[in-house]
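I have placed the structure first, in the form of C-alpha coordinates, so that the comments after it can refer back to it.
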Amino acid sequence: MLSYQIPRRLSESFDSKRIAKNSIYLYIRMLFTMWFNLWATRLVLTNLGVEDMGVYGVVGSIVGIFSVFSVGVTTAVQRFITYELGKPDGNINKVFSSSLNVILLLCLLVLLVLESIGVVFLNNGINIPEASHNAACWVYQFSILTTIVTLFSVPYNALIIAHERMGIFAVITTIQVLLNWGAAFCLSCISKNERLVIYAMFLAIASILIQMLYLFYCHSQFKESKYKKGIDKTLMKQIGTFMGISTTSNILQTLSSQGIILVINWTFGVGLNAVYQIALQLKNAILSFGLNIFKAISPQITKTYADGNLELHKSLVYTGSKIEVYMTLFIMIPFLFRANYIIHLWLGNVPRYTIEFAIATVFLSLTYAAFEPIRASVLATNRISKFMIYPEVFYLLIIPVGFIVSKISNSPIMLIVTVVGLDIVTCFIRAIYALQVSPIKCTEILKKSLFPSIVVAITSSCLCYLLSILTSSNLVGLLILLVINSIGLVVIIYILGLNMQERNTCKSFIRHILHS
(Lines give C-alpha, C1' and ligand atoms only; values in the text may rest on other atoms or scores of the structure.)
Protein backbone atom coordinates (compact mmCIF):
# COMPACT_ATOMS: atom_id res chain seq x y z
CA MET A 1 0.00 0.00 0.00
CA LEU A 2 2.85 2.30 -0.72
CA SER A 3 3.42 4.63 -3.62
CA TYR A 4 6.60 6.61 -3.11
CA GLN A 5 9.60 7.70 -5.11
CA ILE A 6 12.22 5.05 -4.51
CA PRO A 7 15.91 6.01 -4.65
CA ARG A 8 17.88 4.21 -7.34
CA ARG A 9 20.09 2.31 -4.90
CA LEU A 10 16.96 0.89 -3.23
CA SER A 11 15.43 -0.30 -6.48
CA GLU A 12 16.72 -3.84 -6.00
CA SER A 13 15.92 -4.17 -2.28
CA PHE A 14 12.55 -2.39 -2.17
CA ASP A 15 9.54 -3.59 -4.11
CA SER A 16 6.00 -2.69 -3.02
CA LYS A 17 4.61 -5.45 -5.24
CA ARG A 18 6.82 -7.95 -3.43
CA ILE A 19 5.34 -6.78 -0.12
CA ALA A 20 1.83 -7.26 -1.50
CA LYS A 21 2.70 -10.68 -2.95
CA ASN A 22 4.29 -11.82 0.30
CA SER A 23 1.27 -10.60 2.23
CA ILE A 24 -0.99 -12.70 0.00
CA TYR A 25 1.21 -15.78 0.55
CA LEU A 26 1.05 -15.27 4.29
CA TYR A 27 -2.71 -14.69 4.35
CA ILE A 28 -3.41 -17.82 2.33
CA ARG A 29 -1.21 -19.70 4.78
CA MET A 30 -2.92 -18.09 7.75
CA LEU A 31 -6.47 -18.81 6.55
CA PHE A 32 -5.50 -22.45 6.10
CA THR A 33 -3.47 -22.92 9.25
CA MET A 34 -5.60 -20.94 11.68
CA TRP A 35 -8.46 -23.43 11.50
CA PHE A 36 -6.12 -26.38 11.93
CA ASN A 37 -4.57 -24.71 14.98
CA LEU A 38 -8.00 -24.10 16.50
CA TRP A 39 -9.08 -27.64 15.59
CA ALA A 40 -5.90 -29.02 17.17
CA THR A 41 -6.66 -27.13 20.38
CA ARG A 42 -10.09 -28.71 20.55
CA LEU A 43 -8.60 -32.17 19.90
CA VAL A 44 -5.96 -31.67 22.60
CA LEU A 45 -8.55 -30.47 25.12
CA THR A 46 -10.83 -33.41 24.31
CA ASN A 47 -8.11 -36.10 24.33
CA LEU A 48 -5.91 -34.84 27.15
CA GLY A 49 -8.56 -33.27 29.35
CA VAL A 50 -8.35 -29.97 31.22
CA GLU A 51 -5.91 -31.27 33.86
CA ASP A 52 -3.30 -32.80 31.50
CA MET A 53 -3.56 -29.82 29.16
CA GLY A 54 -2.88 -27.58 32.13
CA VAL A 55 0.11 -29.74 33.10
CA TYR A 56 1.49 -29.44 29.56
CA GLY A 57 1.15 -25.65 29.69
CA VAL A 58 2.81 -25.33 33.11
CA VAL A 59 5.73 -27.62 32.21
CA GLY A 60 6.21 -25.70 28.96
CA SER A 61 6.35 -22.47 30.97
CA ILE A 62 9.46 -23.76 32.81
CA VAL A 63 11.28 -24.31 29.52
CA GLY A 64 10.06 -20.86 28.49
CA ILE A 65 11.59 -19.30 31.61
CA PHE A 66 15.04 -20.85 31.00
CA SER A 67 15.10 -20.56 27.19
CA VAL A 68 14.92 -16.77 27.02
CA PHE A 69 18.36 -16.80 25.42
CA SER A 70 16.83 -18.21 22.25
CA VAL A 71 14.44 -15.28 21.91
CA GLY A 72 17.23 -12.74 22.41
CA VAL A 73 19.54 -14.39 19.89
CA THR A 74 16.69 -14.73 17.37
CA THR A 75 15.96 -11.01 17.53
CA ALA A 76 19.65 -10.11 17.25
CA VAL A 77 20.50 -12.45 14.37
CA GLN A 78 17.36 -11.51 12.43
CA ARG A 79 18.12 -7.81 12.79
CA PHE A 80 21.79 -7.99 11.80
CA ILE A 81 21.33 -10.33 8.83
CA THR A 82 18.49 -8.18 7.46
CA TYR A 83 20.44 -4.98 8.14
CA GLU A 84 23.52 -6.39 6.38
CA LEU A 85 21.40 -7.36 3.37
CA GLY A 86 20.08 -3.79 3.18
CA LYS A 87 23.59 -2.26 3.09
CA PRO A 88 25.11 -1.71 -0.38
CA ASP A 89 28.36 -3.43 0.71
CA GLY A 90 27.01 -5.92 3.25
CA ASN A 91 28.75 -9.23 4.04
CA ILE A 92 25.93 -11.58 4.99
CA ASN A 93 28.06 -14.73 5.23
CA LYS A 94 30.23 -13.14 7.91
CA VAL A 95 27.15 -12.38 10.03
CA PHE A 96 25.67 -15.82 9.38
CA SER A 97 28.79 -17.85 10.24
CA SER A 98 29.67 -15.81 13.31
CA SER A 99 26.09 -16.06 14.57
CA LEU A 100 25.98 -19.83 14.06
CA ASN A 101 29.22 -20.32 16.02
CA VAL A 102 27.89 -18.33 18.95
CA ILE A 103 24.56 -20.18 18.83
CA LEU A 104 26.32 -23.54 19.11
CA LEU A 105 27.88 -22.36 22.37
CA LEU A 106 24.55 -20.96 23.50
CA CYS A 107 22.81 -24.30 22.84
CA LEU A 108 25.24 -25.97 25.24
CA LEU A 109 24.61 -23.30 27.89
CA VAL A 110 20.82 -23.57 27.58
CA LEU A 111 21.00 -27.37 27.80
CA LEU A 112 23.07 -27.22 31.00
CA VAL A 113 20.72 -24.69 32.63
CA LEU A 114 17.57 -26.60 31.70
CA GLU A 115 18.93 -29.95 32.88
CA SER A 116 20.08 -28.55 36.23
CA ILE A 117 18.13 -25.57 37.56
CA GLY A 118 15.09 -26.36 35.43
CA VAL A 119 14.78 -29.93 36.71
CA VAL A 120 15.00 -28.74 40.31
CA PHE A 121 12.23 -26.21 39.69
CA LEU A 122 10.09 -28.84 37.94
CA ASN A 123 10.28 -31.16 40.93
CA ASN A 124 9.81 -28.54 43.65
CA GLY A 125 8.40 -25.30 42.27
CA ILE A 126 5.08 -26.06 40.61
CA ASN A 127 1.77 -27.64 41.53
CA ILE A 128 1.43 -30.88 39.51
CA PRO A 129 -0.92 -33.74 40.44
CA GLU A 130 1.07 -36.74 41.71
CA ALA A 131 -0.38 -39.04 39.06
CA SER A 132 0.93 -36.78 36.29
CA HIS A 133 4.42 -36.18 37.66
CA ASN A 134 6.22 -38.88 35.65
CA ALA A 135 4.53 -37.76 32.42
CA ALA A 136 5.48 -34.15 33.22
CA CYS A 137 9.15 -35.16 33.41
CA TRP A 138 9.01 -36.70 29.94
CA VAL A 139 7.17 -33.67 28.56
CA TYR A 140 9.93 -31.50 29.99
CA GLN A 141 12.69 -33.48 28.24
CA PHE A 142 10.92 -33.35 24.88
CA SER A 143 10.39 -29.61 25.34
CA ILE A 144 14.14 -29.19 25.91
CA LEU A 145 14.88 -31.06 22.68
CA THR A 146 12.47 -28.82 20.77
CA THR A 147 14.08 -25.70 22.23
CA ILE A 148 17.63 -26.73 21.26
CA VAL A 149 16.64 -27.65 17.70
CA THR A 150 14.75 -24.38 17.25
CA LEU A 151 17.68 -22.35 18.60
CA PHE A 152 20.13 -23.97 16.17
CA SER A 153 17.92 -23.11 13.19
CA VAL A 154 17.71 -19.37 14.01
CA PRO A 155 20.27 -18.16 11.39
CA TYR A 156 18.60 -20.23 8.68
CA ASN A 157 15.16 -18.84 9.42
CA ALA A 158 16.65 -15.35 9.52
CA LEU A 159 18.09 -15.81 6.01
CA ILE A 160 14.71 -16.81 4.58
CA ILE A 161 12.93 -13.84 6.14
CA ALA A 162 15.71 -11.37 5.24
CA HIS A 163 15.52 -12.49 1.60
CA GLU A 164 11.71 -12.17 1.83
CA ARG A 165 11.06 -15.72 0.63
CA MET A 166 7.63 -15.73 2.23
CA GLY A 167 6.30 -18.32 -0.21
CA ILE A 168 8.60 -21.05 1.11
CA PHE A 169 8.10 -19.74 4.65
CA ALA A 170 4.35 -20.14 4.20
CA VAL A 171 4.72 -23.69 2.83
CA ILE A 172 7.02 -24.91 5.61
CA THR A 173 5.00 -23.35 8.43
CA THR A 174 1.85 -24.87 6.96
CA ILE A 175 3.51 -28.29 7.03
CA GLN A 176 4.39 -27.69 10.68
CA VAL A 177 0.79 -26.84 11.56
CA LEU A 178 -0.43 -29.97 9.79
CA LEU A 179 2.09 -32.10 11.70
CA ASN A 180 1.00 -30.56 14.99
CA TRP A 181 -2.65 -31.15 14.08
CA GLY A 182 -1.80 -34.74 13.16
CA ALA A 183 -0.21 -35.22 16.59
CA ALA A 184 -3.39 -33.99 18.27
CA PHE A 185 -5.61 -36.08 15.97
CA CYS A 186 -3.72 -39.31 16.71
CA LEU A 187 -4.15 -38.96 20.48
CA SER A 188 -7.55 -40.64 20.39
CA CYS A 189 -5.84 -43.85 19.16
CA ILE A 190 -3.46 -43.95 22.14
CA SER A 191 -4.00 -45.19 25.66
CA LYS A 192 -5.21 -42.35 27.86
CA ASN A 193 -2.39 -42.79 30.38
CA GLU A 194 0.24 -42.32 27.66
CA ARG A 195 -1.34 -39.47 25.68
CA LEU A 196 0.47 -36.58 27.36
CA VAL A 197 3.93 -38.08 26.80
CA ILE A 198 3.20 -39.23 23.24
CA TYR A 199 1.82 -35.81 22.34
CA ALA A 200 5.00 -34.07 23.55
CA MET A 201 7.13 -36.61 21.64
CA PHE A 202 5.16 -36.06 18.41
CA LEU A 203 5.60 -32.27 18.68
CA ALA A 204 9.36 -32.67 19.21
CA ILE A 205 9.68 -34.90 16.13
CA ALA A 206 7.63 -32.42 14.09
CA SER A 207 9.90 -29.58 15.19
CA ILE A 208 13.04 -31.50 14.12
CA LEU A 209 11.59 -32.28 10.68
CA ILE A 210 10.59 -28.65 10.12
CA GLN A 211 14.00 -27.26 11.09
CA MET A 212 15.65 -29.75 8.71
CA LEU A 213 13.50 -28.35 5.88
CA TYR A 214 14.67 -24.83 6.67
CA LEU A 215 18.31 -25.95 6.72
CA PHE A 216 18.14 -27.85 3.41
CA TYR A 217 16.36 -24.98 1.68
CA CYS A 218 18.92 -22.39 2.79
CA HIS A 219 21.88 -24.52 1.68
CA SER A 220 20.33 -24.99 -1.74
CA GLN A 221 19.27 -21.36 -2.29
CA PHE A 222 21.62 -18.99 -0.44
CA LYS A 223 25.38 -19.09 -0.98
CA GLU A 224 25.89 -17.04 2.19
CA SER A 225 24.61 -20.01 4.24
CA LYS A 226 27.92 -21.81 3.65
CA TYR A 227 29.48 -22.29 7.07
CA LYS A 228 32.90 -20.81 7.84
CA LYS A 229 34.90 -21.29 11.01
CA GLY A 230 35.81 -18.38 13.22
CA ILE A 231 34.09 -15.42 14.84
CA ASP A 232 34.47 -11.81 13.74
CA LYS A 233 35.23 -10.08 17.07
CA THR A 234 34.10 -6.60 16.06
CA LEU A 235 30.87 -7.87 14.59
CA MET A 236 30.18 -10.18 17.50
CA LYS A 237 30.72 -7.32 19.95
CA GLN A 238 27.92 -5.44 18.23
CA ILE A 239 25.68 -8.50 18.00
CA GLY A 240 26.60 -9.49 21.57
CA THR A 241 25.58 -6.08 22.93
CA PHE A 242 22.30 -6.22 21.03
CA MET A 243 21.77 -9.81 22.10
CA GLY A 244 22.53 -9.01 25.74
CA ILE A 245 19.98 -6.20 25.86
CA SER A 246 17.41 -8.25 23.98
CA THR A 247 18.01 -11.28 26.21
CA THR A 248 17.71 -9.17 29.36
CA SER A 249 14.45 -7.78 28.04
CA ASN A 250 13.20 -11.27 27.27
CA ILE A 251 14.25 -12.54 30.69
CA LEU A 252 12.10 -9.83 32.25
CA GLN A 253 9.30 -10.49 29.76
CA THR A 254 9.43 -14.23 30.38
CA LEU A 255 9.49 -13.79 34.14
CA SER A 256 6.34 -11.70 33.93
CA SER A 257 4.47 -13.83 31.37
CA GLN A 258 5.41 -17.15 32.93
CA GLY A 259 4.94 -15.60 36.35
CA ILE A 260 1.31 -15.01 35.45
CA ILE A 261 0.97 -18.71 34.67
CA LEU A 262 2.47 -19.62 38.03
CA VAL A 263 0.24 -17.12 39.86
CA ILE A 264 -2.77 -18.76 38.22
CA ASN A 265 -1.40 -22.17 39.18
CA TRP A 266 -0.78 -21.20 42.81
CA THR A 267 -4.13 -19.47 43.31
CA PHE A 268 -6.61 -21.35 41.11
CA GLY A 269 -4.90 -24.62 39.99
CA VAL A 270 -4.07 -26.31 36.67
CA GLY A 271 -7.67 -26.14 35.46
CA LEU A 272 -7.48 -22.38 35.06
CA ASN A 273 -4.01 -22.74 33.52
CA ALA A 274 -5.70 -24.62 30.67
CA VAL A 275 -8.30 -21.85 30.34
CA TYR A 276 -5.56 -19.21 30.15
CA GLN A 277 -3.67 -21.24 27.55
CA ILE A 278 -6.82 -21.52 25.40
CA ALA A 279 -7.39 -17.75 25.67
CA LEU A 280 -3.81 -17.03 24.60
CA GLN A 281 -4.15 -19.34 21.59
CA LEU A 282 -7.30 -17.53 20.52
CA LYS A 283 -5.61 -14.15 20.99
CA ASN A 284 -2.66 -15.30 18.88
CA ALA A 285 -4.99 -16.63 16.17
CA ILE A 286 -6.69 -13.23 15.89
CA LEU A 287 -3.36 -11.41 16.07
CA SER A 288 -2.05 -13.51 13.17
CA PHE A 289 -4.35 -11.60 10.80
CA GLY A 290 -2.38 -8.44 11.50
CA LEU A 291 1.07 -9.97 11.86
CA ASN A 292 1.01 -11.35 8.33
CA ILE A 293 1.38 -7.78 7.10
CA PHE A 294 4.19 -7.25 9.60
CA LYS A 295 6.11 -10.31 8.39
CA ALA A 296 5.94 -8.95 4.86
CA ILE A 297 7.10 -5.39 5.67
CA SER A 298 9.47 -6.04 8.59
CA PRO A 299 12.54 -6.79 6.42
CA GLN A 300 11.82 -3.63 4.41
CA ILE A 301 11.62 -1.52 7.58
CA THR A 302 15.13 -2.66 8.55
CA LYS A 303 16.57 -2.44 5.00
CA THR A 304 15.28 1.10 4.37
CA TYR A 305 16.83 2.28 7.63
CA ALA A 306 20.14 0.57 6.79
CA ASP A 307 20.09 2.25 3.37
CA GLY A 308 19.38 5.70 4.89
CA ASN A 309 15.95 6.25 3.32
CA LEU A 310 14.21 7.49 6.47
CA GLU A 311 11.10 8.92 4.77
CA LEU A 312 10.26 5.58 3.19
CA HIS A 313 11.18 3.89 6.48
CA LYS A 314 8.67 6.02 8.41
CA SER A 315 5.98 5.53 5.79
CA LEU A 316 6.36 1.77 6.08
CA VAL A 317 5.97 2.01 9.86
CA TYR A 318 2.88 4.27 9.77
CA THR A 319 1.09 2.42 7.01
CA GLY A 320 2.07 -0.98 8.38
CA SER A 321 0.79 -0.16 11.86
CA LYS A 322 -2.52 1.04 10.49
CA ILE A 323 -3.06 -1.87 8.12
CA GLU A 324 -2.20 -4.40 10.84
CA VAL A 325 -4.95 -2.94 13.01
CA TYR A 326 -7.43 -3.11 10.12
CA MET A 327 -6.66 -6.75 9.41
CA THR A 328 -7.01 -7.65 13.09
CA LEU A 329 -10.44 -5.96 13.20
CA PHE A 330 -11.76 -8.36 10.54
CA ILE A 331 -11.77 -11.16 13.11
CA MET A 332 -11.68 -9.38 16.46
CA ILE A 333 -14.91 -7.37 16.15
CA PRO A 334 -17.16 -10.27 15.00
CA PHE A 335 -15.64 -12.41 17.75
CA LEU A 336 -16.54 -9.88 20.46
CA PHE A 337 -20.20 -9.90 19.38
CA ARG A 338 -20.39 -13.69 18.97
CA ALA A 339 -17.84 -14.88 21.56
CA ASN A 340 -20.16 -17.25 23.39
CA TYR A 341 -21.31 -19.10 20.28
CA ILE A 342 -17.86 -19.19 18.61
CA ILE A 343 -16.12 -20.66 21.67
CA HIS A 344 -18.81 -23.31 22.16
CA LEU A 345 -18.59 -24.15 18.45
CA TRP A 346 -14.80 -24.38 18.72
CA LEU A 347 -14.35 -26.33 21.95
CA GLY A 348 -17.65 -28.10 22.45
CA ASN A 349 -17.20 -28.61 26.19
CA VAL A 350 -16.15 -25.14 27.39
CA PRO A 351 -14.32 -24.92 30.74
CA ARG A 352 -15.56 -22.29 33.18
CA TYR A 353 -14.18 -18.75 32.67
CA THR A 354 -12.97 -19.51 29.13
CA ILE A 355 -15.26 -16.94 27.50
CA GLU A 356 -14.34 -14.19 29.97
CA PHE A 357 -10.62 -14.89 29.58
CA ALA A 358 -10.89 -14.97 25.77
CA ILE A 359 -12.78 -11.66 25.53
CA ALA A 360 -10.25 -9.96 27.82
CA THR A 361 -7.12 -11.24 26.05
CA VAL A 362 -8.23 -10.54 22.47
CA PHE A 363 -7.91 -6.80 23.17
CA LEU A 364 -4.17 -7.41 23.46
CA SER A 365 -4.09 -8.59 19.83
CA LEU A 366 -5.12 -5.11 18.68
CA THR A 367 -2.45 -3.40 20.80
CA TYR A 368 0.30 -5.77 19.69
CA ALA A 369 -0.69 -5.52 16.02
CA ALA A 370 -0.45 -1.72 16.05
CA PHE A 371 2.88 -1.71 17.86
CA GLU A 372 4.95 -4.29 15.96
CA PRO A 373 6.08 -1.99 13.09
CA ILE A 374 7.15 0.60 15.68
CA ARG A 375 9.16 -2.07 17.46
CA ALA A 376 10.83 -3.06 14.15
CA SER A 377 11.82 0.58 13.62
CA VAL A 378 13.50 0.74 17.02
CA LEU A 379 15.36 -2.54 16.47
CA ALA A 380 16.66 -1.23 13.15
CA THR A 381 18.30 1.73 14.92
CA ASN A 382 20.20 -0.51 17.39
CA ARG A 383 19.35 2.06 20.12
CA ILE A 384 17.32 -0.38 22.14
CA SER A 385 18.46 -0.36 25.78
CA LYS A 386 15.81 1.86 27.43
CA PHE A 387 13.11 0.75 24.99
CA MET A 388 13.60 -2.94 25.77
CA ILE A 389 14.43 -2.83 29.49
CA TYR A 390 12.39 -0.18 31.30
CA PRO A 391 8.88 -1.23 30.16
CA GLU A 392 9.60 -4.86 31.05
CA VAL A 393 10.78 -3.86 34.54
CA PHE A 394 7.48 -2.04 34.98
CA TYR A 395 5.47 -5.06 33.79
CA LEU A 396 7.04 -7.26 36.47
CA LEU A 397 4.53 -5.59 38.78
CA ILE A 398 1.97 -7.99 37.33
CA ILE A 399 3.26 -10.82 39.52
CA PRO A 400 2.70 -9.22 42.96
CA VAL A 401 -0.30 -7.21 41.76
CA GLY A 402 -1.90 -10.27 40.14
CA PHE A 403 -1.29 -12.38 43.25
CA ILE A 404 -2.78 -9.73 45.54
CA VAL A 405 -5.80 -9.22 43.27
CA SER A 406 -6.37 -13.00 43.15
CA LYS A 407 -6.18 -13.40 46.92
CA ILE A 408 -8.34 -10.38 47.75
CA SER A 409 -11.03 -10.88 45.10
CA ASN A 410 -10.80 -14.69 44.75
CA SER A 411 -11.97 -13.97 41.19
CA PRO A 412 -10.24 -15.25 38.03
CA ILE A 413 -12.06 -12.53 36.07
CA MET A 414 -10.53 -9.75 38.16
CA LEU A 415 -7.12 -11.37 37.64
CA ILE A 416 -7.35 -11.48 33.84
CA VAL A 417 -8.67 -7.90 33.67
CA THR A 418 -5.68 -6.80 35.75
CA VAL A 419 -3.27 -8.70 33.50
CA VAL A 420 -4.69 -7.21 30.30
CA GLY A 421 -4.92 -3.68 31.70
CA LEU A 422 -1.32 -3.62 32.89
CA ASP A 423 -0.14 -5.14 29.59
CA ILE A 424 -1.79 -2.34 27.60
CA VAL A 425 -0.25 0.32 29.86
CA THR A 426 3.18 -1.28 29.34
CA CYS A 427 2.72 -1.12 25.58
CA PHE A 428 2.11 2.63 25.78
CA ILE A 429 5.28 3.01 27.85
CA ARG A 430 7.19 1.19 25.10
CA ALA A 431 5.76 3.62 22.55
CA ILE A 432 7.03 6.60 24.57
CA TYR A 433 10.58 5.24 24.54
CA ALA A 434 10.27 4.34 20.84
CA LEU A 435 9.58 7.96 19.97
CA GLN A 436 12.82 8.98 21.68
CA VAL A 437 15.17 6.74 19.69
CA SER A 438 13.55 6.03 16.30
CA PRO A 439 12.85 8.32 13.32
CA ILE A 440 9.07 8.15 13.88
CA LYS A 441 7.28 11.25 15.20
CA CYS A 442 4.42 11.42 17.68
CA THR A 443 2.29 13.85 15.65
CA GLU A 444 2.81 11.83 12.48
CA ILE A 445 1.86 8.50 14.01
CA LEU A 446 -1.22 10.04 15.66
CA LYS A 447 -2.35 11.58 12.38
CA LYS A 448 -1.36 8.80 10.00
CA SER A 449 -2.01 5.68 12.11
CA LEU A 450 -3.87 6.10 15.40
CA PHE A 451 -6.72 8.45 14.43
CA PRO A 452 -7.68 6.56 11.23
CA SER A 453 -7.54 3.28 13.18
CA ILE A 454 -9.88 4.61 15.89
CA VAL A 455 -12.36 5.91 13.31
CA VAL A 456 -12.41 2.58 11.46
CA ALA A 457 -12.70 0.56 14.71
CA ILE A 458 -15.66 2.59 16.02
CA THR A 459 -17.52 2.63 12.70
CA SER A 460 -17.01 -1.08 12.06
CA SER A 461 -18.06 -1.94 15.63
CA CYS A 462 -21.36 -0.09 15.12
CA LEU A 463 -21.90 -1.98 11.86
CA CYS A 464 -21.17 -5.36 13.46
CA TYR A 465 -23.44 -4.57 16.42
CA LEU A 466 -26.36 -3.94 14.05
CA LEU A 467 -25.57 -7.12 12.14
CA SER A 468 -25.41 -9.14 15.37
CA ILE A 469 -28.95 -7.99 16.19
CA LEU A 470 -30.29 -8.84 12.74
CA THR A 471 -28.62 -12.27 12.37
CA SER A 472 -29.40 -15.41 14.33
CA SER A 473 -26.94 -16.98 16.77
CA ASN A 474 -26.16 -20.12 14.78
CA LEU A 475 -23.64 -21.22 12.16
CA VAL A 476 -25.55 -19.72 9.22
CA GLY A 477 -26.01 -16.46 11.12
CA LEU A 478 -22.32 -16.37 12.00
CA LEU A 479 -21.28 -16.89 8.36
CA ILE A 480 -23.68 -14.18 7.18
CA LEU A 481 -22.34 -11.80 9.83
CA LEU A 482 -18.72 -12.51 8.87
CA VAL A 483 -19.32 -12.03 5.13
CA ILE A 484 -21.40 -8.84 5.37
CA ASN A 485 -19.21 -7.37 8.10
CA SER A 486 -16.06 -8.08 6.06
CA ILE A 487 -17.50 -6.39 2.97
CA GLY A 488 -18.63 -3.43 5.07
CA LEU A 489 -15.23 -3.20 6.76
CA VAL A 490 -13.44 -3.13 3.39
CA VAL A 491 -15.62 -0.18 2.34
CA ILE A 492 -15.08 1.59 5.67
CA ILE A 493 -11.30 1.13 5.46
CA TYR A 494 -11.18 2.38 1.88
CA ILE A 495 -13.26 5.50 2.60
CA LEU A 496 -12.20 6.40 6.14
CA GLY A 497 -8.97 4.51 6.79
CA LEU A 498 -6.75 5.22 3.78
CA ASN A 499 -5.29 8.45 2.48
CA MET A 500 -5.42 9.39 -1.20
CA GLN A 501 -1.97 8.00 -1.94
CA GLU A 502 -2.83 4.64 -0.38
CA ARG A 503 -6.13 4.47 -2.30
CA ASN A 504 -4.29 5.08 -5.57
CA THR A 505 -1.81 2.32 -4.68
CA CYS A 506 -4.71 -0.07 -3.98
CA LYS A 507 -6.27 0.73 -7.35
CA SER A 508 -2.94 0.20 -9.11
CA PHE A 509 -2.36 -3.13 -7.40
CA ILE A 510 -5.88 -4.38 -8.20
CA ARG A 511 -5.46 -3.38 -11.84
CA HIS A 512 -2.13 -5.23 -11.90
CA ILE A 513 -3.75 -8.40 -10.46
CA LEU A 514 -6.64 -8.27 -12.95
CA HIS A 515 -4.28 -7.66 -15.86
CA SER A 516 -2.06 -10.57 -14.78
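Predicted, not measured: the structure shown is a model, and the values here were computed from it.
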Pairwise distance CD1(Ile399) to CD(Gln258) - rounded to 0.5 angstrom = 10.0 Å
message = Nearest 0.5 angstrom please: Asn284 CG to Tyr368 OH, how far?
response = 9.0 Å
ask   = Where the side chain of Ser449 meets the backbone of Tyr318, is there a donor-acceptor pair that is under 3.5 Å apart?
value = yes
message = Would you compute the distance between atom CG of Leu282 and atom CH2 of Trp346 and round it to the nearest 0.5 angstrom?
response = 5.0 Å
request  = Without swapping roles, check the side chain of Tyr199 against the backbone of Cys186 for a donor-acceptor pair under 3.5 Å.
outcome  = no
request  = Using a 4.5 Å cut-off on heavy atoms from C-beta on, say whether the side chain of Thr302 contacts that of Leu379.
outcome  = no
request  = Report the distance from atom CD1 of Ile333 to atom CG of Leu482, rounding to the nearest 0.5 Å.
outcome  = 12.0 Å
query = Heavy atoms, side chains only, cut-off 4.5 Å: are Phe337 and Asn485 in contact?
reply = no
Close side-chain approach of Leu329 and Ile493, heavy atoms under 4.5 Å = no
ask   = With a 4.5 Å limit on heavy-atom distance, are the side chains of Ile323 and Leu498 in contact?
value = yes
key: Interatomic distance, Leu196 atom CG to Phe142 atom CZ [nearest 0.5 angstrom]   = 10.5 Å
query = Does any non-hydrogen side-chain atom of Leu489 lie less than 4.5 Å from one of Phe330?
reply = yes
inquiry  = Under the rule for salt bridge (Lys or Arg N to Asp or Glu O under 4.0 Å), what residues qualify as partners of Glu392, not counting sequence neighbours?
reply    = Arg430
inquiry  = So does Ala204 get a backbone contact from the side chain of Ser207, meaning a donor-acceptor N/O pair under 3.5 Å?
reply    = no
request  = Decide yes or no for Leu145 and Gln141: does some side-chain heavy atom of the first lie under 4.5 Å from some side-chain heavy atom of the second?
outcome  = no
task = Say whether, by atom type as modelled, one donor and one acceptor occur between the side chain of Asn250 and the main chain of Gln253 under 3.5 angstrom.
result = no
task = Evaluate the ring planes of Trp39 and Trp181, with Trp represented by its six-membered ring, and classify them as parallel (under 30°), tilted (30 to 60°) or perpendicular (over 60°).
result = tilted
inquiry  = Per the salt bridge (charged side-chain N to carboxylate O under 4.0 Å, His left out) rule, what does the pair list look like for residues 336-362, sequence neighbours excluded?
reply    = none
key: Sub-4.5 Å side-chain heavy-atom contact between Asn157 and Gln78   = no
ask   = Any side-chain donor paired with an acceptor under 3.5 Å for Asn265 and Tyr276?
value = no
ask   = Partners of Glu115 by salt bridge (Lys or Arg N to Asp or Glu O under 4.0 Å), sequence neighbours excluded?
value = none
ask   = Taking the side chain from Ser406 and the backbone from Gly402, do they hold a donor-acceptor pair closer than 3.5 Å?
value = yes
Phe268 atom CZ: more than 12 heavy-atom contacts under 6.0 Å = yes
query = With no hydrogens and no angle check, is any side-chain donor or acceptor of Thr361 less than 3.5 Å from a backbone partner on Ala358?
reply = yes
ask   = Does atom CZ of Phe394 have more than 12 heavy-atom neighbours, drawn from other residues, nucleotides or ligands, at distances under 6.0 Å?
value = yes
task = Walk me through it: do Val455 and Phe451 pass the test side chain to side chain contact (heavy atoms under 4.5 Å, CB included)?
result = CA-CA 6 Å; Val455 171; Phe451 291 159; 5.6 Å; no
task = Can you establish whether the number of heavy atoms outside Phe403 located under 6.0 Å from its atom CZ is more than 12?
result = no
ask   = Do any N or O atoms from the side chain of Asn273 and from the backbone of Ile261 form a donor-acceptor pair under 3.5 angstrom?
value = yes
ask   = Could you state the interatomic distance from CD1 (Ile492) to CD1 (Ile487), rounded to the nearest 0.5 Å?
value = 12.0 Å
